[in-house]
Amino acid sequence: MLQLNTIRQDAEGVIAALAKRHIDARPAVEALLALNEQRRHLQSETESQQAQANALAKSIGQLFREGKAAEAESMKAESAAIKERLGELATSLHALEEKERAQLIALPNMPHAAVPAGKHADDNEVVRTWGELPQLSEGHVPHWELAERYKLIDFERGVKITGAGFPVYTGQGARLQRALIQFFLDRNTAAGYLEIQPPLFINEASGFGTGQLPDKEGQMYHITEDNLFAIPTAEVPITNLLRDEIVAQSELPIKMTAYSPCFRREAGSYGKDVRGLNRLHQFDKVEIVCVEHPDHSYTRLEEMVAHVASLLEDLGLHYRILRLCGGDMGFTSALTYDFEVWSAAQARWLEVSSVSNFETFQANRLKLRYRSEEDHKPYLAHTLNGSALALPRIVAALLENNQGPEGIRLPEVLVPYTGFARITGS
RNA sequence: GGUGAGGUGGGUGAGAGGCUGAAACCACCAGUUUGCUAAACUGGCGUACGGGAAACUGUACCGCGGGUUCGAAUCCCGCCCUCACCGCCA
């Protein structure tokens, strides 16, 4: 959530920034400011009443100790009157606070100045493209056919035991999953990220901290009996590790990586977009998360982008980097880079990573702060995260782009992990 | 699943209706002193939201939410969580 102070100090700036998302935030911001003013007014009044009540209670106690019980008794009536008034004030104050908070939580993050204007995915800015279009030989097929031919993934049995969108990896397919996970984790830890193995279920507070709740609960699997949610990404448990904490400035940046299965309900999708590995209810992903000083978060973002790029280059995948336009960015992000790899047989780009700087937006919900070395006061930290990387679409591209008459050739970097250089189905 | 104990500041941990935003110790910060490091000593040291140009100041916060009381960290009720032991179990 945005910082109230920012809105109070520069409401016009906030409205202008949010306009980039193609939303007119003016009514919401103005309503918020009005609520805020009412609240502060009411708070002052409540607190002065409270101060009176406190003072009164103190003198009554004093009188009792001095043995002036009669005088004390007479003051009790006054105290009761204040208390009654205080009760009313407190009730309306709470109601106002609630409204103010609801209003504040509903505002998305302000896009960074570098975010391109635009409404739709078509308006995203292509920052850079790497590699060559793969040349496929005659008779190439999409990855779901390859997966079947080489017995890598059993979609039908996945449907039997769970449902659509829950693939079963088998043989060289399963081995490839494990190899990719380990390859990514190795590369991430070599780049200074601390490996974490997080819980796969999170509670409500965690879901709120990173922005999945309260609005996006429909996208998560909910275990109602225990009120837990299956994680949609490792970002949630990893970032929440530092919720409600004040870390020393000297500890920044905090760099973490985690592999986890990710669970997404993704209701309402159908057709070729969800064919094969394009979109799943359960998939594997290795995530990177950084907690950084505000002065350095954009340098850190670039570093993360360069790191993800190096992974794709090692895998030899033709990719492009997009800077998302205001209309296409996520609710919590200030600046997002998407990575897309070319899926040769489908002849389309597939998103495999999204690297974002959330600035203080998540930190404000998380109460994640660092203690400044300059004035020893706590300030909200910046949080960033990115996929490094999401497996299914990487697998789709690897299969499709490297297919040939003698099976599917794997990139060299994976061979030590898979133990085979070519997928042949045997 | 059963039984018991307990949740207090960055940490350990006292407090058991008013003198407690909270002892003491550790950690941390500043200073004094001493060739350096260390030690010793002195002082400081929670967070949030208000008010104020600032110095400063008000209120709240002892797991969360209610209640009793003139007054609650302290008493009562509900909830959550943690720990220990037993049972079951990878």
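First the proteins, then the strands, lettered A, B, ... as listed; each starts at 1. Quick note: numbers below take in every heavy atom, side chains included, and nothing from hydrogens, waters or symmetry partners.
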Under a 3.5 Å cutoff, is there a donor and acceptor pairing between the side chains of A:Asp154 and A:Thr170? no

Could you tell me how far apart A:Tyr370 (OH) and B:rU47 (C1') are, to the nearest whole angstrom? 17 Å

Whole-Å P distance, B:rA5 and B:rU59: 38 Å

Side-chain donor-acceptor contact under 3.5 Å, A:Glu235 with A:Gln362: yes

In whole angstroms, how far is the P atom of B:rG65 from the CD atom of A:Glu98? 12 Å

Could you verify whether a donor N or O on one side chain and an acceptor N or O on the other, from A:Asn227 and A:Glu204, lie under 3.5 Å apart? yes

Determine the interatomic distance between C1' on B:rA72 and the same-named atom on B:rA60; round to the nearest Å. 14 Å

Base partner of B:rA73, which must satisfy Watson-Crick or wobble distances under 3.5 Å: none

Between B:rC29 atom P and A:Ile246 atom CD1, what is the distance in whole Å? 16 Å

Starting at atom CZ of A:Arg371, determine the distance to atom P of B:rG11, rounded to an integer number of angstrom. 12 Å

Find the partner of B:rA54: check Watson-Crick (N1-N3 plus N6-O4 or O6-N4) and G-U wobble (N1-O2, O6-N3) distances, both under 3.5 Å, and reply none if neither fits. none

Using the P atom on both, measure B:rG46 against B:rG10 and round to a whole Å. 10 Å

Between A:Met75 and A:Gln52, whichever has its closest RNA chain B nucleotide further toward 5' is A:Gln52

Any salt bridge between A:Arg8 and A:Glu37, counting N to O under 4.0 Å? no

Looking only at the side chain of A:Ala57 (C-beta and beyond, no hydrogens), which of the listed nucleotides B:rU59, B:rU47, B:rG71 gets closest? B:rG71

With both distances kept under 3.5 Å, what pairs with B:rG35, Watson-Crick or G-U wobble? none

Test: A:Glu303 and A:Lys255 ion pair at under 4.0 Å: yes

Using the side-chain heavy atoms of A:Arg369, tell me which of these nucleotides is nearest: B:rG51, B:rG58, B:rU47. B:rU47

Counting only side-chain nitrogens and oxygens, does A:Lys377 get under 4.0 Å of the OP1 or OP2 atom of B:rU47? no

For B:rU12, what is the paired nucleotide under Watson-Crick or G-U wobble rules, both distances under 3.5 Å? B:rA24

With rounding to whole Å, what would you report as the distance between B:rC28 and B:rC64 at their P atoms? 29 Å

Return whichever of A:Arg40 or A:Ala55 has its heavy-atom-nearest nucleotide of RNA chain B closer to the 5' end. A:Arg40

Can you check the A:Leu56 CG to B:rG18 P distance for me, whole Å? 18 Å

Output yes when at least one side-chain N/O atom of A:Asn54 is less than 4.0 Å from OP1 or OP2 of B:rG71, else no. no

Quickly work out the A:Glu84 CD to B:rC70 P distance and round it to whole Å. 14 Å

Applying a 3.5 Å limit to both distances, which nucleotide forms a Watson-Crick or G-U wobble pair with B:rC81? B:rG6

Separation of atom CD in A:Glu204 from atom P in B:rC80, rounded to whole Å: 13 Å

Write down the distance between NZ (A:Lys367) and C1' (B:rG63), rounded to a whole number of angstrom. 17 Å

Side chain of A:Gln50 - closest among B:rG58, B:rA60, B:rC70: B:rA60

B:rG50 base / A:Gln43 side chain donor-acceptor hit below 3.5 Å: no

Should A:Glu12 and A:Arg26 count as an ion pair when the cut-off is N to O under 4.0 Å? yes

Could you tell me how far B:rG9 sits from B:rC62 if I compare only their C1' atoms? Round to whole Å. 9 Å

Which residue is it: A:Val305, A:Val308, A:Asn124? I am looking for the one with a side-chain contact (heavy atoms from CB on, under 4.5 Å) to A:Ile321. A:Val305

Give a yes/no on whether any side-chain N or O of A:Arg8 is located under 4.0 angstrom from OP1 or OP2 of B:rC49. no

Inter-nucleotide C1' distance (B:rG6, B:rG31), Å rounded: 41 Å

Side chain of A:Ile60 (C-beta onward), nearest among B:rG50, B:rU59, B:rC70: B:rC70

Just say parallel, tilted or perpendicular for the rings of A:Phe263 and A:Tyr221, cut-offs at 30° and 60°. perpendicular

Distance check: side-chain N/O of A:Arg39 vs OP1/OP2 of B:rG50, anything under 4.0 Å? yes

Is B:rG46 paired to anything, Watson-Crick or G-U wobble with both distances less than 3.5 Å, and if yes, which nucleotide? B:rC61

Distance check, P atoms only: B:rU74 and B:rU68, in whole angstrom units. 14 Å

Could you tell me the Watson-Crick or G-U partner of B:rG87, where both distances fall under 3.5 Å? Say none if there is no partner. none

Please state the P separation for the pair B:rA16 and B:rC70 - nearest whole angstrom. 23 Å

